[in-house]
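One structure below.
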Amino acid sequence: MKNRAIAELFERIADMMEIQGESSFRVNAYRRGAQALESLQEDVARLRDEERLREVPGIGEGMAARIVEFLDTGRVSQHDDLLKKVPEGLLELRHVGGLGPKTLAMLHDKLKITGREDLVKALEAGKLDGLPGMGEKKIENLKKNLAFQAEASGRVALGVAWPMIEEIMELLGAKVKVMQLSPAGSLRRMRETVGDLDLLAATTRPEAALEAFVKLPMVQRVLGHGDTKASVVMEGGLQVDLRAVPPESYGAALQYFTGSREHNVRLREMARKVGLKINEYGVFKGEERVAGDTEESVYASLGLPWIPPEMREDRGEIDAALENRLPKLIELSDMRADLHCHTKASDGELTIEQLADEAIKRGYKYAAVTDHSASAGYAGGLQPARLLKHIEAIHAFNKTQNKIHLLAGTESDIRADGSLDYPDELLARLDWVVASIHSSFTKDPTGRLIKALEHPATCVLGHPTGRLILEREGYELDWDALFQAAVRTGKAIEINANYHRLDLDDVRARQASGMGIPILINTDMHRADNFDQMKFGIGVARRAWLTAADVVNTWEWKKFEAWRKKVKRD
DNA sequence: GCCGTTTTCGGCCCGACTGTTTTCAGTCG
């Protein structure tokens with residue numbers, strides 16, 4: 001699967017062309033092409049085989065040829081040619097704050113800077129003094145930003161950013177009377193990682209809001225502080241931007257700062273064609289302001305229904321909105337169950353009873369106890385005798401109350417040979433089997449997952465790629481083969497809602513569901529508060545355009561039971 | 001480089017902030 005690799009290559013080509021002073025339109029064309037490849041659900045190699053590359057919006061004659069070249073030879077000659085003119089090290093400097101393409105080109109030209117080391121030396125030697133556009137402050141900032149980048153953490157996981165923005169909003173809300181306060185940006189779109197936090201305030205006194213913001217206790221450094229906008233770096237290195245707008249512009253600003261950039265560009269192109277102009281203050285016809293107090297009004301001015309933030313990625317949502325076929329996205333309140341939960345029996349913290357209580361608190365009607373299996377020694381996996389007792393205990397608990405149905409299940413390791421981790425007769429006694437790979441990641445994962453799907457006892461694949469966000473790439477899978485096996489067997493695939501995993505991801509979940517594969521959203525909880533990560537799984541599902549009907553654990557108990565009995569064929 | 005209910009050529013989103021500038025370029029989102 002080369003989609004990502006080619007997307008990254010196109011990004012690099014765009015960066016290098018920019019430094020070369022190429023037309024920004026050509027540069028943007030490459031960025032659009034990269035974005036298109038990244039959102040692509042199909043394998044780009046297959047598109048090529050079927051001569052359908054040109055059908056992808058943003059891929060024209062030129063980029064199609066480069067994709068073909070890469071697939072055939074593993075290289076793109078244009079990229080290699082550019083690398084001869086723009087050193088690799090220069091590209092990395094592109095991400096240092098304040099260093100854009102123009103400055104880099106100038107530094108390369110005048111000082112023969114080819115990378116970070118060169119730049120640090122040149123700065124120490126005072127060689128930047130007197131260069132065009134290089135004043136005292138700029139050089140000072142450059143030194144700071146270089147040092148800062150060296151220790152900066154980069155992107156953070158959604159689940160890390162979430163509580164931070166909640167805390168900031170609470171502190172800010174208590175200090176200043178703002179009319180409305182909302183997260184925006186990739187956080188509001190529920191992207192799996194975020195590079196910074198965007199916050200929007202609607203207020204008649206922007207200066208007070210910004211002043212309070214830059215003085216929040218967790219602010220480490222103020223990057224900028226103007227009349228309507230301030231940027232700071234929080235403890236831990238995460239950048240947070242606050243934008244303050246007048247209340248009548250709140251909708252337009254929220255729309256604008258939620259993005260994505262690609263989505264917004266599309267909207268503004270549409271606006272231009274009908275003689276409107278959209279900016280963060282509203283929608284304008286000439287001088288006249290025709291919309292902008294709410295997001296709905298902005299979309300309505302283009303003849304569109306409101307589009308949920310999670311869909312705003314320029315992945316076809318605007319066409320869908322135009323044709324009035326936006327799905328009614330799943331919501332957290334639709335969830336009736338969590339079907340991947342651990343207890344004290346293996347490596348969880350709660351007893352069966354406590355687990356049930358916590359599930360009931362969240363409004364669930366059923367849940368599955370899925371402790372680790374025999375060979376999962378690292379996680380206190382249950383040997384067969386203990387599992388038998390565990391099953392009995394769970395079934396006994398069900399008889400003591402009628403608020404919730406607990407399923408006696410397992411999260412069975414998929415062993416290196418693709419077999420499940422208990423004898424068939426024991427698996428047959430379980431109500432529910434989640435099958436997951438936890439070891440031997442490189443040993444034919446596709447084949448093992450398919451074999452696990454084909455086992456009659458298996459109900460669902462847990463965290464199918466094994467990835468850990470920002471830590472570990474998932475194993476390479478043959479998605480076509482895997483999804484076809486899921487379709488053939490009727491089994492489900494999980495969106496693991498733990499924010500370290502979010503596995504399936506949005507693109508794959510959309511593809512799987514589109515093929516008719518039942519999707520589950522589970523937290524894989526080990527502690528009570530893990531249950532609250534369900535919202536991140538819902539975020540992935542919404543980004544995948546899923547409705548409640550697409551997700552098995554929104555179903556009523558009776559419907560679920562009928563499905564479960566059909567799927568689990570012992 | 002891509003694209004077409006105004007176009008196969010001529011367009012391509014828009015504004016804030018900073019710093020180096022006497023009127024604007026570069027960067028960023």
Side-chain angles (χ1 to χ4, degrees), chain A residues 10 13-14 17-19 21-36 53-67 78 93-107 128-142 144-145 184-187 189 194-200 206 210 214 222-232 239-245 249 252-253 255-284 302-303 314 322:
Chain A
F10 282 179
I13 289 174
M17 288 191 351
E18 213 173 16
I19 293 172
E22 268 283 8
S23 139
S24 61
F25 303 115
R26 293 183 70 199
V27 172
N28 275 334
Y30 274 96
R31 294 208 200 284
R32 265 197 185 189
Q35 154 82 12
L53 283 175
R54 297 286 305 274
E55 289 173 20
V56 180
I59 303 295
E61 197 182 335
M63 277 190 263
R66 283 170 186 90
I67 291 169
Q78 181 204 18
L93 287 174
R94 182 69 186 77
H95 302 290
V96 175
L99 272 186
K102 296 286 197 301
T103 314
L104 283 174
M106 190 270 293
L107 291 174
L128 271 69
D129 304 343
L131 286 179
M134 283 292 158
E136 209 176 309
K137 276 196 168 176
K138 246 204 173 142
I139 289 171
E140 225 17 71
N141 275 336
L142 199 48
K144 268 194 217 158
N145 288 336
S186 47
L187 188 79
R189 301 200 312 280
V194 298
D196 60 15
L197 301 182
D198 294 299
L199 198 55
L200 181 71
L210 292 169
V214 299
V222 179
L223 297 172
H225 182 179
D227 296 335
T228 65
K229 180 185 166 183
S231 295
V232 302
Q239 182 176 331
V240 187
D241 298 339
L242 175 68
R243 200 52 196 256
V245 299
S249 295
Q255 195 290 315
Y256 181 82
F257 292 112
T258 296
S260 68
R261 194 176 307 184
E262 291 79 10
H263 174 89
N264 287 354
V265 166
R266 270 294 152 79
L267 285 190
R268 281 189 231 163
E269 281 172 0
M270 280 178 69
R272 277 176 41 86
K273 284 180 186 159
V274 294
L276 296 172
K277 187 179 78 170
I278 300 180
N279 61 27
E280 58 263 56
Y281 298 109
V283 182
F284 296 87
L302 297 174
D314 190 23
L322 273 170

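As the structure is a computational prediction, the values presented were derived from the model and not from experiment. Chain letters run A, B, ... following the sequence lines, proteins first, then strands; residues in each count from 1. Reckoned from all heavy atoms, side chains included, excluding hydrogens, waters and symmetry mates.
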Inset, instruction - Select base, sugar-phosphate, or nothing to describe what A:Lys277 touches, counting heavy atoms under 4.0 Å on all strands. - result: sugar-phosphate
Inset, instruction - Ignoring backbone atoms, establish whether A:Arg54 has a side-chain N or O less than 4.0 Å from OP1 or OP2 of B:dG1. - result: no
Inset, instruction - Establish, with yes or no, whether the OP1 or OP2 oxygen of B:dC17 is under 4.0 angstrom from a side-chain nitrogen or oxygen of A:Ser231. - result: no
Legend entry - Nearest-Å distance for atom pair CG/P, residues A:Asn28 and B:dG10: 21 Å
Legend entry - Same-atom distance (P) from B:dG11 to B:dT7, integer angstrom: 13 Å
Inset, instruction - May I ask you to evaluate whether A:Arg66 reaches the phosphate of B:dG1, defined as a side-chain N or O under 4.0 Å from OP1 or OP2? - result: yes
Inset, instruction - Would you classify A:Ile278 as touching base, sugar-phosphate or nothing, given that sugar-phosphate means primed atoms plus P, OP1 and OP2, and contacts are heavy atoms under 4.0 Å? - result: sugar-phosphate
Acceptor/donor pairs from residues 260-267 of chain A side chains to any protein atom, 3.5 angstrom cut, sequence neighbours excluded:
| unit_1 | atom_1 | unit_2 | atom_2 | d |
| --- | --- | --- | --- | --- |
| A:Ser260 | OG | A:Glu262 | OE1 | 3.3 |
| A:Ser260 | OG | A:His263 | N | 3.2 |
| A:Ser260 | OG | A:Arg312 | O | 3.0 |
| A:His263 | ND1 | A:Glu317 | OE2 | 2.7 |
| A:His263 | NE2 | A:Tyr299 | OH | 2.8 |
| A:Asn264 | OD1 | A:Gln255 | NE2 | 3.0 |
| A:Asn264 | ND2 | A:Tyr256 | O | 2.8 |
| A:Arg266 | NH1 | A:Asp314 | OD1 | 2.9 |

Legend entry - Reference residue A:Ser231; test side-chain hydrogen bond (donor to acceptor under 3.5 Å, both in side chains); the match among A:Asp196, A:Asp198, A:Asp241: A:Asp241
Inset, instruction - Could you tell me whether the phosphate oxygens of B:dG1, OP1 or OP2, come under 4.0 Å of any side-chain nitrogen or oxygen in A:Ser23? - result: no
Legend entry - For atom CE of A:Met270 and atom P of B:dT5, their distance in whole Å: 13 Å
Legend entry - Gap between atoms CZ and P, on A:Arg272 and B:dT7 respectively (whole Å): 15 Å
Inset, instruction - Using atom CG of A:Leu104 as one end and atom P of B:dA25 as the other, report the distance to the nearest whole Å. - result: 19 Å
Legend entry - Nearest-Å distance for atom pair CG/C1', residues A:Asn264 and B:dG29: 10 Å
Inset, instruction - Nearest whole angstrom, please: distance from the P of B:dT20 to the CG of A:Asp129. - result: 11 Å
Inset, instruction - Inspect the contact between A:Arg31 and A:Glu18 and indicate whether a charged nitrogen and a carboxylate oxygen are less than 4.0 angstrom apart. - result: yes
Legend entry - Value in whole Å for how far the P atom of B:dC17 lies from CG of A:Leu223: 14 Å
Inset, instruction - Scan A:Thr103 against the nucleic acid and name what it touches under 4.0 Å (heavy atoms): base, sugar-phosphate only, or nothing. - result: sugar-phosphate
Inset, instruction - Given side chain to side chain contact (heavy atoms under 4.5 Å, CB included), test A:Val245 with A:Glu280 step by step and report yes or no. - result: CA-CA 9 Å; A:Val245 299; A:Glu280 58 263 56; 5.5 Å; no
Inset, instruction - Determine the interatomic distance between C1' on B:dT27 and the same-named atom on B:dT20; round to the nearest Å. - result: 14 Å
Legend entry - Non-neighbouring partners of A:Glu140 that pass side chain to side chain contact (heavy atoms under 4.5 Å, CB included), sequence neighbours left out: A:Lys143
Legend entry - Identity of whatever pairs with B:dC12 - Watson-Crick or G-U, under 3.5 angstrom: B:dG1
